[in-house]
Protein chains: 2
Amino acid sequence: MISNLTIAEENYIKAIYHLQQSGELVATNALADQMRTKPASVTDMIKKLKSKGWVDYEKYQGVQLSELGTQEALRIIRKHRLWEFFLVEKLKFGWDEVHEVAEELEHINSELLIEKLDAYLGFPKFDPHGDPIPDSSGKMEVQLQINLIDLPLDTKAVIKAVGSQKSELLELLRTKNLLMGSEVEVKQRYSFDHSMDVVVNGQSVYISQQLAQALFVYPL
Amino acid sequence: MISNLTIAEENYIKAIYHLQQSGELVATNALADQMRTKPASVTDMIKKLKSKGWVDYEKYQGVQLSELGTQEALRIIRKHRLWEFFLVEKLKFGWDEVHEVAEELEHINSELLIEKLDAYLGFPKFDPHGDPIPDSSGKMEVQLQINLIDLPLDTKAVIKAVGSQKSELLELLRTKNLLMGSEVEVKQRYSFDHSMDVVVNGQSVYISQQLAQALFVYPL
DNA sequence: AAATATTTTTAGGCAAATCTAAATTATATT
DNA sequence: AATATAATTTAGATTTGCCTAAAAATATTT
């Protein structure tokens, strides 16, 4: 079960995994955008991935990870999220500055390293952005997370995830003190623009629709 | 000062650094051995490194790192040794199983990461094998280390480094409890085979000439 | 259903890092 | 000093991942 994948192959597999989350088969153009490369290059790579059994693919019909490819994607995501947790929890990175570095660290190939890192971190179940960390067999906790937009009034919840990794968003969240793990409660909604007053860790904050839509919470 | 080096280029620079430690100009064949590649490939790479200013080189005359190349080598070695320290100190790797993983980690490119890692580890001056860790400006402590073979009788010293990274050696050291940082004292020498009795952390151990020659100590 | 637009694939090339085989230069031996 | 041996370089290929331009397939309009 030795992962004989190049870094480029791993990146494609991860990108395909993320793109198929929201929908069906992944289009060549969508993958090209994601990988910041050209459609022709994507076709080349897909053919290689198919020949190695990581994806299912028929000409012009889009790609999909095979069973094997899905397992591999989960292994990569596990590494990525464990490293993100490490960077924030231990090295005191801001949680908005870890993505690029984790993107490099995720390609280090050592089973032993990842198992020891996992143990060192105390087997965390969620990364600093609230995304679940797959365990060594690829399973991850699916936590019932709802959009803050849909949280009923006067219901306590915990901030669990953000909908995007954009640094502008992460910066805003930090200044508003909307951190992962914070307790929130919606106190008032304004139907005009769907903005709302929420209480975060006892402190009242006014947030826009766009911001609320970017936040996922776990009702208590 | 953005390091625009490929992983292959970094590995060559590091190899040249190590090879020039013990001697003068580095021969193509020596580099080929070290890099487990063929002399023809080495020549190609050397020409590229020269064109980028990392090495000084004249046809048939051997290579040498330039000032710039030396600085780069020290940056890579700094990363390698910090990661080794992390793996042993925090993740509880055996100090004989960290080399390969550190070899991968050393290529992660993030100034911030390395500075934060250094701080997290408490700015260590020596790695788990006793080798000095360069600081962010490339300076490292040169500690007066002598070979255990040359340590006078009844003189306390601390084990600081090993002469090789061979796993057979590291395994033997572990079973004999000759760990980095242990206190040693030579109690008796046998001129027949240059073997000796030493006391390590209060415990008497008998070691061969070959083993003693592989150990470097810092007299107290 | 035909024409147009969009998406995807093919064809042919390029740079990096390696290889083998052959040529060249340096070193050692007689 | 001439020759033999060893070290090094050059020449020509290969693989990986990417590119551009053109062709083919699919989707959308009219």
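Throughout, a chain's letter reflects where its sequence line sits, starting with A, and its residues are numbered from 1.
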Of the listed nucleotides [options], the one nearest the side chain of [X]:
{"X": "B:Asp44", "options": "C:dT18, D:dC19, D:dT9", "result": "C:dT18"}
{"X": "B:Thr28", "options": "C:dC19, C:dA16, D:dT9", "result": "D:dT9"}
{"X": "A:Met45", "options": "D:dT8, D:dC18, C:dC19", "result": "D:dC18"}

- prompt: Base, sugar-phosphate, or nothing for A:Ala40, non-hydrogen atoms under 4.0 angstrom?
  reply: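 Here A:Ala40 touches the bases of the nucleic acid.
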query: Touch check for B:Thr37, heavy atoms < 4.0 angstrom, all strands: base, sugar-phosphate only, or nothing?
result: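 Counting heavy atoms under 4.0 Å across all strands, the contact made by B:Thr37 is with sugar-phosphate only.
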field: Strand contacts (DNA chain C) in residues 55-63 of chain A, 4.0 angstrom heavy-atom criterion
entry: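 Residues of residues 55-63 of chain A that come under 4.0 Å of DNA chain C are, in numerical order, A:Tyr57, A:Lys59, A:Tyr60.
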[X] side chain near [N] phosphate (N/O to OP1/OP2, under 4.0 Å):
{"X": "A:Tyr12", "N": "D:dT16", "answer": "no"}
{"X": "B:Asn29", "N": "D:dA6", "answer": "no"}
{"X": "A:Ser41", "N": "D:dC19", "answer": "yes"}

Tell me every residue that passes salt bridge (Lys or Arg N to Asp or Glu O under 4.0 Å) with [X], counting only those two or more places apart in sequence or in another chain.
{"X": "B:Asp131", "answer": "none"}
{"X": "A:Glu89", "answer": "none"}
{"X": "B:Glu84", "answer": "none"}
{"X": "B:Lys50", "answer": "B:Glu58"}

Whole angstroms only, please: what is the [atom1]-[atom2] distance between [X] and [N]?
{"X": "A:Leu25", "N": "C:dT8", "atom1": "CG", "atom2": "C1'", "value": "14 Å"}
{"X": "A:Leu49", "N": "D:dT16", "atom1": "CG", "atom2": "P", "value": "12 Å"}
{"X": "A:Asn11", "N": "D:dT16", "atom1": "CG", "atom2": "P", "value": "17 Å"}
{"X": "A:Asp33", "N": "C:dT6", "atom1": "CG", "atom2": "P", "value": "15 Å"}

N-O pairing of B:Arg75 and B:Glu10 below 4.0 Å: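 Salt bridge absent between B:Arg75 and B:Glu10.
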- prompt: Can you list every pair that meets ring pair (Phe, Tyr, Trp, His ring centres under 6.0 Å) and has a residue in residues 106-137 of chain A, with sequence neighbours left out?
  reply: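 Qualifying pairs, neighbours excluded: A:Trp95-A:His129.
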